[in-house]
Amino acid sequence: MLSVVVPMFDEEEVLPQTLPRMRAALDGIGCDYELICVDDGSKDSTATLLKAARAGWPQLRIVRLRANAGHQAALTAGLDVSVGDYVVTIDADLQDPPELIATMLARAADEDVDVVYAIRSDRTSDTAFKRITAGLYYRMARRVAGPQVPTHAGDFRLMSRAAVDALHTLPERHRVYRLLIPWLGFPSTTVSYTRDVRAAGTTKYPLTKMFRLAADSITSFTAAPLRLATWLGITGFVVCLVMGTASVVAYFAGATVPGWASITVAVMFLGAVQLLCLGLLGEYVARLYSEMQRRPLYFVAEDTGSPANAPLRVQAP
Ligand code: UDP
Ligand code: MG
């Protein structure tokens, strides 16, 4: 059985196109499936559209979250309830073609791998800004999480049940899947596709959410930014030694002047460096704090459940 997890947040504009295309693609594969639509606290008519579609489509499972939990948390909600032997995660905006799922399934079975990444071979449909920030993001991701992170693989991928269960055993809750799944190190392969433009509606990833994802990606894999403070401190000390010597020499040479500008610059610079280091430290403390609180990532308002013919699966302990 196949589970397809689609997180959606205020996607009323695109759903009339997404749902029929998904249905055609999934019915065409010819295996049992469930399509898990995770409604991530949408304020528009997303929930109504999903309910209407479910009337004639028993494989459509709706998991409605009470409030907007964010893309990665919505994915977690979908993975948590999925029962399929293979699980595919895909965006709702048709930037990822649902027709590719059949290819991904075939590759997983043929090559006996646990993960199939869909790689965006062509991003010309994205804005220049998105391409540049994405390029920087993936360079950073490979540095912090290792070279096994495929470049330009977003959250469109197929996982085996073993991979999903492995994710469930990880104690952390704030998960950046595109780094954690490569980190598992399970056998994997890739398929490439051309990323289309968003079929309708607007992006649900404003700059603030992109920053959040980048910060989560870094803090969940490396403590290197914390070491920056040490290096800045060492550099500051060396500069201080040189300038201290110079000022003593200047004092004895009788060449000291009031020096307002140099003092102001030094004070401002050191203040900025200290605040930067505090901010970096704060990112890690905040992460520790929220992991320690162990608050749930999402609240489920409604779950229509798996289709009747789905085999019951006992959750791994
Ligand atoms: N999404 C979500 N919750 C959020 C933000 C986004 O479930 O808080 C979903 C969104 O509906 C879409 C997917 O995540 O299915 C990717 O978002 P989007 O296409 O807007 O991102 P982009 O392609 O612009 O990076
Ligand atoms: Mg998109």
Side-chain angles (χ1 to χ4, degrees), residues 3-19 21-22 25 35-50 53 60-82 87-98 100-101 118-120 122-138 141 151-157 174-179 193-217 297-303:
S3 299
V4 178
V5 175
V6 196
M8 36 188 81
F9 175 49
D10 284 348
E11 297 287 11
E12 65 179 1
E13 281 120 315
V14 78
L15 279 185
Q17 295 179 55
T18 307
L19 294 174
R21 220 173 119 184
M22 285 275 179
L35 174 65
I36 306 173
C37 293
V38 183
D39 175 3
D40 188 9
S42 302
K43 296 265 189 295
D44 65 1
S45 61
T46 298
T48 323
L49 289 173
L50 287 175
L60 177 65
R61 176 177 188 179
I62 308 169
V63 177
R64 190 163 58 80
L65 306 186
R66 282 201 189 276
N68 180 239
H71 184 201
Q72 303 292 306
L75 282 175
T76 304
L79 292 177
D80 284 350
V81 299
S82 69
V87 184
V88 170
T89 54
I90 183 170
D91 284 356
D93 58 2
L94 293 177
Q95 286 196 283
D96 310 328
L100 199 66
I101 295 174
I119 307 278
R120 303 157 184 180
D122 178 0
R123 291 192 76 130
T124 44
S125 62
D126 282 330
T127 60
F129 177 73
K130 186 90 186 179
R131 284 210 300 273
I132 292 169
T133 49
L136 288 173
Y137 175 82
Y138 287 106
T151 321
H152 296 293
D155 282 305
F156 185 22
R157 72 176 82 75
H174 288 278
R175 298 174 183 154
V176 181
Y177 286 108
R178 60 188 78 180
L179 302 189
Y193 71 106
T194 308
R195 190 151 163 90
D196 289 327
V197 287
R198 190 177 236 285
T202 50
T203 177
K204 305 300 176 299
Y205 253 92
L207 206 55
T208 46
K209 282 189 182 169
M210 279 163 64
F211 268 124
R212 198 63 263 149
L213 184 72
D216 278 345
S217 304
L297 278 181
Y298 57 85
F299 293 99
V300 176
E302 177 191 359
D303 179 359

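For the single chain, residues carry numbers from 1 onward in sequence order. Ligands are counted one by one from 1 in listed order, and the atoms in each one are counted from 1 as well. Reckoned from all heavy atoms, side chains included, excluding hydrogens, waters and symmetry mates.
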message = So does G70 get a backbone contact from the side chain of Y298, meaning a donor-acceptor N/O pair under 3.5 Å?
response =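 Pair absent, no side-chain N/O of Y298 close to backbone of G70.
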
ask   = Is R178 reaching over with its side chain to a backbone N or O of S217, donor-acceptor style, under 3.5 angstrom?
value =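 No.
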
key: Geometric class of the F156/Y193 ring pair [parallel <30°, tilted 30-60°, perpendicular >60°]   =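 The arrangement is perpendicular - the two ring planes meet at more than 60°.
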
message = Going by the rule side-chain hydrogen bond (donor to acceptor under 3.5 Å, both in side chains), which residues pair with D91 if we only count those two or more places apart in sequence or in a different chain?
response =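 In terms of side-chain hydrogen bond (donor to acceptor under 3.5 Å, both in side chains), with neighbours along the sequence ignored, D91 is linked to no residue.
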
inquiry  = Taking non-hydrogen atoms within less than 4.0 Å of ligand 1, which protein residues qualify?
reply    =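 Shell around ligand 1 (4.0 Å, heavy atoms): P7, M8, F9, E11, D40, N68, G70, H71, D91, A92, D93, Q95, K130, R195, R198, T203, K204, Y205, K209.
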
request  = I would like to know whether D10 and K43 meet salt bridge (Lys or Arg N to Asp or Glu O under 4.0 Å); could you show each step before the answer?
outcome  = CA-CA 6 Å; D10 284 348; K43 296 265 189 295; over 6 Å; no

CA sep, side-chain torsions, deciding dist, call: R198, E13, salt bridge (Lys or Arg N to Asp or Glu O under 4.0 Å) = CA-CA 11 Å; R198 190 177 236 285; E13 281 120 315; over 6 Å; no

ask   = In the protein, how many N/O/S atoms are under 2.8 Å from the Mg ion (ligand 2)?
value =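 With waters ignored, the protein N/O/S count below 2.8 Å is 2.
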
message = Please determine whether the number of non-hydrogen atoms from other residues, nucleotides or ligands lying under 6.0 Å from atom OH of Y205 exceeds 12.
response =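 For Y205, atom OH is crowded (more than 12 foreign heavy atoms under 6.0 Å).
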
ask   = CZ of R66: more than 12 outside heavy atoms within 6.0 angstrom?
value =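 For R66, atom CZ is not crowded (no more than 12 foreign heavy atoms under 6.0 Å).
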
key: With F9 via ring-ring contact (aromatic ring centres under 6.0 Å, His included) - residues at least two apart   =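 Here no residue qualifies.
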
